[in-house]
Participant: 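Before we start, here is the structure in question, set down as structure tokens.
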Amino acid sequence: MTKSHTFSSFVTAICNHFSDHFYAKNIDIFNYCQPTPLEEPNLVHINQSLCEDLNLNPDIFNCEGALKLMSADTSNTNLKPTSVVYSGHQFGTWAGQLGDGRAVTLGEIPVKNHSANREVLWDIQLKGAGLTPYSRFADGRAVLRSTIREYLCSEAMHGLRIPTTRALCLVSSNTQVQREKSEAAAILCRVAPNHIRFGSLEHFHYLNDFDSVRQLLDYIINRHFPDWDSQEDRYEKLFKSIVISTAYLIAQWQSVGFCHGVLNTDNMCILGQTLDYGPFGFLDRYDPQWICNTSDYNGRYSFYNQPSIGLWNLNALAICFSSLLSREKIISILKLYEPTLITKYQKIMSNKLGIRYKKSNHKLVDDLLKILQKNQVDYTFFFRQLSYTQSLSDELLKLFNEKETIKIWFKNYQSLLNQEKSSRVPNISMLKVNPKFTLRNHIAQRAITNAERGDFSELKTIETLIQSPFDEHQNYYNYSLPLPDELHSERLSCSS
Ligand code: AMP
Ligand code: MG
């Protein structure tokens, strides 16, 4: 897309590729849906970095038209907003039809994809824009705190170079909605290459509508993998790409200590992007059993379980390919998941330790994680400090109660570094993979508390740190510190 110089030229660039395509084919995957504007809206934050990536001038949002549209008032535009249906497995059980209960897609904008050297379409969606045909018993709204959490976490993910949906701006309002208490509603403008979920395919499969499954797969291939368009093995290639990208995604989550919290199949994106930020959390102290979602009574979605849940979800998706691929083919592709995830994870962990990737080094990583867990050491802080010294500095040693075990581990680590002749202090490549800043929950909460009082400056500060989490940001050392001893990592409910 050539640079939009006005907001109206940005709006004019929005097309309806998805809905026009399925309308023409008479496939029931969306409904036209007028969003409900917020009362007394305020456009409180614009994502400058995403504007740059979308080739938009952020200044174009400083106008009445931008405030109106981003607060869900589509009058005086030619847009044809839609909400999309999907189904899914929630907590391991078939939940039937769900759908965009509070998200309305305005359409898609063309964006230059430099690596593919072609234009691709990105969805522009308003989350919290009022009732849709799929709202069921809920109100179609999002509260300010949940939009801030989603905004910050998607930027944190992007800063960590982990695939994710992003958010273009935030609108607060005086519209009141009822959660545990009455709260102000807000809208997040979510942007992503698409919002198609595993549950989108499950929706048609469980209606025995295999033609629509195939049509949706063809649409995904045409939009995202056009080179495969008329190839006979295109469905096989697509399934394989979903399996691999999901393995990569979850390996990356595990490497940064991210816990999604609600890995239902309706929250899994077919492009392997992090999608639907709810009661997520980043690990403070390293605790693989950690469950960040208070509604997850059995720990199905604990940090430790994420890799196997990824495979469970891919098995659920695999069933949707059963009308197109043989059982043997599906199984052989699913078998790629585990080794792909483990290798990717161990490669990242090797980089975090500044050592070469070798299978024989897996034990060094596993031993370290056990020691971090036993000593309740902050995951992010440990690896960052290690990058400065590559040795057991006093700063590092004081994080451990059991001094002897960590000393033994360091002896092994250092003999490996000596063998590899790879000791460098500070290790610049380690500083590029071990973030100084992560979106700790108590830090996100500070941005929320201030924003609820009308002050968005803390949100901006945190945004700057997490968008470039590998930089030093000398004056913000406090934001990189572990959770104080007297505090515990907070768990969150699904309420949003
Ligand atoms: P989530 O847990 O956010 O992934 O949501 C699960 C399903 O409930 C999705 O279909 C959402 O669109 C829907 N949903 C969540 N919150 C609301 C709400 N406040 N109003 C309407 N639908 C909602
Ligand atoms: Mg969801």
Side-chain angles (χ1 to χ4, degrees), residues 29-31 33-36 38 72 81-105 123 125-151 153-154 157 164-165 167 171 173 175-190 192 194-203 206 249 259-271 273-281 291-297 300-301 309 313 316-317 491-496:
I29 191 168
F30 73 93
N31 258 286
C33 168
Q34 274 314 311
T36 317
L38 292 172
T82 57
S83 56
V84 169
V85 71
Y86 52 83
S87 297
H89 281 86
Q90 298 192 314
F91 288 90
T93 305
W94 177 241
Q97 184 187 306
L98 302 160
D100 289 335
R102 54 170 170 171
V104 171
T105 302
D123 290 1
Q125 182 176 88
L126 301 179
K127 188 167 173 182
L131 293 175
T132 78
Y134 312 111
S135 297
R136 296 176 286 161
F137 304 108
D139 58 10
R141 292 296 188 195
V143 293
L144 184 60
R145 70 185 148 82
S146 74
T147 55
I148 291 177
R149 280 173 52 78
E150 171 148 3
Y151 181 89
C153 198
S154 58
M157 279 294 167
T164 178
T165 62
V171 177
S173 78
T175 300
Q176 293 296 307
V177 291
Q178 194 61 35
R179 296 293 182 266
E180 283 87 0
K181 56 182 185 0
S182 175
E183 289 184 59
I187 288 179
L188 174 94
C189 177
R190 188 160 66 174
N194 79 41
H195 288 87
I196 302 173
R197 300 144 193 273
F198 289 12
S200 310
L201 290 155
E202 287 179 290
H203 178 73
Y206 286 99
L249 178 69
C259 192
H260 180 284
V262 207
L263 279 183
N264 294 329
T265 57
D266 55 300
N267 290 338
M268 300 286 294
C269 166
I270 51 97
L271 293 181
Q273 304 218 332
T274 317
L275 173 67
D276 276 5
Y277 293 90
F280 65 83
I291 305 159
C292 58
N293 176 358
T294 52
S295 323
D296 182 6
Y297 306 111
R300 178 181 173 86
Y301 299 139
I309 287 296
N313 289 341
L317 177 70
R491 298 170 60 197
L492 288 141
S493 74
C494 277
S495 152
S496 58

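Small disclaimer: the values here were computed from a predicted structure and weren't measured. As the structure lists them, so they are numbered: ligands from 1, and atoms in each ligand from 1. Position 1 is the first residue of the sequence; numbering continues from there.
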Participant: Hey, which atoms in ligand 1 end up nearer than 4.0 Å to a heavy atom of D276?
Facilitator: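 Under 4.0 Å from D276, ligand 1 has these atoms: 4 (O).
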Participant: So for ligand 1, is N267 a polar contact partner (N or O within less than 3.5 Å, distance only)?
Facilitator: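 The answer is yes, given that N267 and ligand 1 share an N or O pair closer than 3.5 Å.
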Participant: Side chain, backbone, both or neither: which part of Q97 has a heavy atom under 4.0 Å from ligand 1?
Facilitator: neither
Participant: Can you tell me if G278 has a non-hydrogen atom under 4.0 Å from ligand 1?
Facilitator: no
Participant: Of all the non-hydrogen atoms in the protein, which one sits nearest to atom 20 (N) of ligand 1, and at what distance?
Facilitator: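 Sorting protein heavy atoms by distance from atom 20 (N) of ligand 1 puts G140 N, 2.7 Å first.
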Participant: Does some non-hydrogen atom of the protein lie less than 4.0 angstrom from atom 8 (O) of ligand 1?
Facilitator: yes
Participant: What protein heavy atom sits nearest atom 21 (C) of ligand 1, and how far away is it?
Facilitator: G101 O, 3.1 Å
Participant: Got an N/O contact under 3.5 Å between L98 and ligand 1?
Facilitator: no
Participant: With atoms numbered from 1 as shown, which atoms in ligand 1 lie under 4.0 angstrom from a non-hydrogen atom of D139?
Facilitator: 18 (C), 19 (N), 20 (N)
Participant: Taking atom types as modelled and ignoring hydrogens, do the side chains of E202 and H89 form a donor-acceptor contact shorter than 3.5 angstrom?
Facilitator: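 On atom types as modelled, these side chains qualify, holding a pair under 3.5 Å.
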Participant: What atoms of ligand 1 come within less than 4.0 Å of a heavy atom belonging to R179?
Facilitator: 19 (N)
Participant: Taking the N/O/S atoms of D276 one by one, which is nearest to the Mg ion (ligand 2)?
Facilitator: OD2
Participant: Compute the shortest N/O to N/O distance between Y86 and ligand 1 and return yes if it is under 3.5 Å, no if not.
Facilitator: yes
Participant: Checking only N/O/S atoms, does N267 have one that is under 2.8 Å from the Mg ion (ligand 2)?
Facilitator: yes
Participant: Below 4.0 angstrom, counting only protein heavy atoms, does anything approach atom 16 (N) of ligand 1?
Facilitator: yes
Participant: I'd like to know if the side chain of R491 pairs up with that of S295 as donor and acceptor (distance under 3.5 Å, no hydrogens or angles considered).
Facilitator: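 The criterion, which ignores hydrogens and geometry beyond distance, is not satisfied for S295 and R491.
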Participant: Indicate whether the side chain of Y277 and that of T164 have a donor and an acceptor atom separated by less than 3.5 Å.
Facilitator: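 Indeed, the side chains of Y277 and T164 share at least one donor-acceptor pair under 3.5 Å.
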Participant: When you measure from atom 10 (O) of ligand 1 to every protein heavy atom, which one gives the shortest distance, and what is it?
Facilitator: G99 O, 2.6 Å
Participant: Show your working on salt bridge (Lys or Arg N to Asp or Glu O under 4.0 Å) between D139 and R102 and close with a plain yes or no.
Facilitator: CA-CA 8 Å; D139 58 10; R102 54 170 170 171; over 6 Å; no
Participant: Measuring from H260:NE2 to F280:CZ, what's the distance to the nearest 0.5 Å?
Facilitator: 9.5 Å
Participant: Do the rings of F91 and Y301 sit parallel, tilted or perpendicular, given the 30° and 60° boundaries?
Facilitator: tilted
Participant: Cut-off 3.5 Å, side chains only: do R190 and H195 have a donor facing an acceptor?
Facilitator: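 Yes - a donor-acceptor pair under 3.5 Å links their side chains.
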Participant: Select the closest option to atom 13 (C) of ligand 1 among R102, K127, R136, judged by heavy-atom distance.
Facilitator: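 Minimum heavy-atom distance to atom 13 (C) of ligand 1 goes to R136.
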Participant: Any nitrogen or oxygen of Y134, main chain or side chain, under 3.5 Å from a nitrogen or oxygen of ligand 1?
Facilitator: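 Not met; the criterion fails.
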Participant: Give yes if a backbone or side-chain nitrogen or oxygen of A138 is under 3.5 Å from a nitrogen or oxygen of ligand 1, and no if not.
Facilitator: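 Among all N and O atoms of A138, none is under 3.5 Å from an N or O of ligand 1.
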Participant: Hey, mind stepping through R141 and S146 against side-chain hydrogen bond (donor to acceptor under 3.5 Å, both in side chains) and telling me if it holds?
Facilitator: CA-CA 10 Å; R141 292 296 188 195; S146 74; over 6 Å; no
Participant: Roughly how far apart are T265 OG1 and W94 CH2, rounded to 0.5 Å?
Facilitator: 6.5 Å
Participant: Check step by step if side-chain hydrogen bond (donor to acceptor under 3.5 Å, both in side chains) holds for Q176 and S182.
Facilitator: CA-CA 6 Å; Q176 293 296 307; S182 175; 3.0 Å; yes
Participant: Report yes if some heavy atom in the side chain of L188 is under 4.5 Å from a heavy atom in the side chain of Q125; otherwise report no.
Facilitator: no
